Amino acid sequence: MARALCRKCHGGEAEVSVLVVAEHLRSEVRPVTLELISAAKELDGPITVAVIAADPSRLTEQVNRESVDEILAVRVDQDEFENDVYQAAVEALVEERGPDVVLTGFTVNSMGYAPALAAKLGLGFASDVFSLGNEGGAVVAERAFYGSKVNAELEFPGHDRILLMLRPTSWPPAAGQGKASVAEISVSVASSRARHQEFVEVAAGDVDIATADFLLSVGRGIGEKENLEQFEELAEKMGATLSVSRPIVDAGWVPNSRQVGQSGKTVTPKVYLALGISGAVQHLAGMKTSGTIIAVNSDPEAAIFNVAHFGAVADLFDVAEELDKLY
Ligand SMILES: Cc1cc2nc3c(=O)[nH]c(=O)nc-3n(C[C@H](O)[C@H](O)[C@H](O)COP(=O)(O)OP(=O)(O)OC[C@H]3O[C@@H](n4cnc5c(N)ncnc54)[C@H](O)[C@@H]3O)c2cc1C
């Protein structure tokens, strides 16, 4: 397959310039932004980070990390994320700055505008990318197919500009104070068709699974709602906090504050005990950086075993019974 040609060569090295689109929520830059900066470093070129907000100056210092060359403070008329505002603002930045690569998170926010922008501008595109490289000026991105059974390296022949959405938690957060210059940019964005109204807080009194040291996490393998109580009791006995995969929330058995994963919470407990969870990528995105992962699944091919440090191919109810006797 032909590769995209390197357009800029610096001291014999092929450079790929990168524009990182920062994500933020309630005046805090989201962790994925710092991960995008780490990923950008792998492309060996100048790194620009765009912060799009009503008052970007409150956020620029949070993205001023080692290796960032420039921060673009992009002023728009609303602070919280809206699809059409981001699409218009990033389009203007791409046209004005002409980066070789635009990086966004593979997140609910970016899914709302990044694929549409790539299609509109005819950019090379890949989503859910978890590995990146610069091979002589050609960008190579890796992502999974067929339910994570196959990993493929993607090239972007015929495209001198690409947009990649990167899987959260696949790179460490960028550390170290940077010395980036800050430029204020105004872009013309027609008023948004949507407007953020309010944040609704999760019910007071529920636990925060994101700060727990020990999570006992159950998935669809528990079968029935009636079985949930025994795992709530087991978690309490073991000194663990109960968390779940998405089908348990979708079924309405527990509130979504207990959900681990891409559309739930990212957790990093010391111990993550997964019972009857298959290990879909969206689940792994929220827990694979846990300290020690222990998985119990009756299917020896379950993808959760790819990230587990310890695993048992067993019936989860048998394991639960043995644990119950121990505590
Ligand atoms: C945009 C998007 C966002 C998503 N976000 C999330 C998210 O944030 N979090 C999330 O979890 N999912 C998310 N999902 C859903 C995800 O794709 C999977 O469908 C989900 O994670 C599957 O949950 P599960 O592993 O509990 O169920 P299943 O995939 O049905 O797996 C159940 C597992 O239990 C095992 N099992 C069954 N009986 C037993 C037994 N008796 N003993 C031992 N093992 C048993 C089976 O072998 C199987 O591996 C998202 C999907 C999309 C499209």
Side-chain angles (χ1 to χ4, degrees), residues 23 30-32 83 104-116 126-130 143-149 165-170 202 208-210 212 215-232 234-235 241-269 272-290 293-308 310-324:
E23 275 199 27
R30 302 194 79 193
V32 68
N83 288 324
T104 75
F106 185 52
T107 58
V108 173
N109 281 8
S110 297
M111 282 177 211
Y113 78 93
S127 59
D128 202 15
V129 170
F130 55 77
R143 62 155 297 162
F145 290 91
Y146 305 118
S148 295
K149 291 193 168 54
M165 302 180 74
L166 306 190
R167 186 187 289 177
T169 73
S170 298
V202 293
D208 182 6
I209 60 170
L215 287 175
L216 188 163
S217 208
V218 296
R220 189 148 41 197
I222 67 165
E224 307 283 330
K225 183 179 184 188
E226 288 59 44
N227 294 333
L228 188 64
E229 195 179 340
Q230 89 174 80
F231 295 98
E232 287 169 337
L234 182 61
T241 301
L242 189 82
S243 58
V244 300
S245 66
R246 180 161 155 174
I248 306 296
V249 171
D250 286 350
W253 300 351
V254 295
N256 65 1
S257 54
R258 299 268 179 165
Q259 181 186 320
V260 173
Q262 181 186 306
S263 53
K265 290 197 175 161
T266 299
V267 297
T268 47
Y272 189 84
L273 171 56
L275 303 181
I277 294 178
S278 59
V281 283
Q282 295 90 354
H283 188 82
L284 300 186
M287 48 62 73
K288 70 174 188 229
T289 53
S290 301
I293 299 169
I294 306 164
V296 177
N297 198 302
S298 50
D299 174 6
E301 301 294 323
I304 191 85
F305 290 128
N306 297 335
V307 297
F310 301 96
V313 178
D315 187 297
L316 69 91
F317 294 99
D318 293 343
V319 173
E321 200 180 313
E322 292 304 315
L323 287 171
D324 198 55

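Read the numbers this way: they start at 1 and go in the same order the structure lists the ligands and their atoms. Please read these numbers as outputs of a predicted model, since none were measured by experiment.
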Out of His283, Arg246, Glu301, indicate the one that has the non-hydrogen atom closest to atom 2 (C) of ligand 1.
Arg246
Do Val32 and Leu166 touch side chain to side chain, with heavy atoms closer than 4.5 Å?
no
For atom 14 (N) of ligand 1, the protein heavy atom that lies nearest, with its residue and separation:
Gln282 CB, 3.6 Å
Which heavy-atom pair separates Glu224 from Trp253 by the least distance, and what is that distance?
C-CH2, 3.5 Å
Check each atom of ligand 1 against the heavy atoms of Gly261 and keep those under 4.0 Å away; list them by number with element.
7 (C), 8 (O), 9 (N)
Tell me, which protein residue and heavy-atom name are nearest atom 19 (O) of ligand 1, and how many Å apart are they?
Arg220 NH2, 4.4 Å
Residues Ser243 and Gln259: side-chain donor-acceptor under 3.5 angstrom
no
Quick look: Ser263 vs ligand 1, heavy-atom contacts under 4.0 Å, and the answer is both
Across all chains, not counting sequence neighbours, the salt bridge (charged side-chain N to carboxylate O under 4.0 Å, His left out) partners of Asp250 are Arg246
If you look at every heavy atom in Ile293 and Val307, which pair is closest and at what distance?
CD1-O, 3.6 Å
What closest approach, in Å, do Ile209 and Val267 show between heavy atoms, and which atom pair accounts for it?
O-CG1, 3.7 Å
Pick from Val319, Asp315, Val260: the one approaching atom 9 (N) of ligand 1 most closely through a non-hydrogen atom:
Val260
Name the option, out of Asp299, Asp250, Asp318, Asn297, that contains the heavy atom nearest to atom 48 (C) of ligand 1.
Asn297
Return the residue, atom name and 0.1 Å-rounded distance of the protein heavy atom closest to atom 20 (C) of ligand 1.
Pro247 CD, 3.9 Å
In terms of residue, atom name and distance, what is the protein heavy atom nearest to atom 39 (C) of ligand 1?
Ser298 OG, 3.6 Å
For the residue pair Val244 and Ser217, what are the closest heavy atoms and their distance?
N-OG, 3.6 Å
With a cut-off of 6.0 Å (strictly less than), are more than 12 heavy atoms of other residues, nucleotides or ligands near CZ of Arg143?
yes
How far is atom 37 (C) of ligand 1 from the closest protein heavy atom, and which atom is that?
Gly221 CA, 3.4 Å
Minimal heavy-atom distance between Phe305 and Ala312, with the atoms involved, is CZ-O, 3.7 Å
Does any non-hydrogen side-chain atom of Gln262 lie less than 4.5 Å from one of Val108?
no
Which of the atoms in ligand 1, numbered in the order shown and given with their element, are less than 4.0 Å from a heavy-atom of Gln259?
6 (C), 7 (C), 8 (O), 9 (N)
For ligand 1, which is the ligand I care about here, please tell me if Leu316 has any N or O atom under 3.5 Å from one of the ligand's N or O atoms.
yes
Of Gly276, Gly219, Ala280, the one whose closest heavy atom lies nearest atom 32 (C) of ligand 1 is Gly276
Counting from 1, what ligand 1 atoms have a heavy atom of Ile277 closer than 4.0 Å?
25 (O)
Spatial distance of atom CG (Asp208) from atom OG (Ser257) [nearest 0.5 Å]:
8.5 Å
Applying ring-ring contact (aromatic ring centres under 6.0 Å, His included) to Phe317 and not counting sequence neighbours gives Phe231
Consider ligand 1: state whether an atom of it lies below 4.0 angstrom from any non-hydrogen atom of Ala314.
yes
Atoms of ligand 1 less than 4.0 Å from Ser245 heavy atoms?
11 (O), 23 (O), 24 (P), 26 (O)
Per-atom filter on ligand 1: closer than 4.0 angstrom to a heavy atom of Gly264 are 8 (O)
The closest protein heavy-atom partner of atom 1 (C) of ligand 1 is Gln262 NE2, 3.9 Å
In the protein, which heavy atom is nearest to atom 29 (O) of ligand 1, and how far is it?
Ser278 OG, 2.7 Å
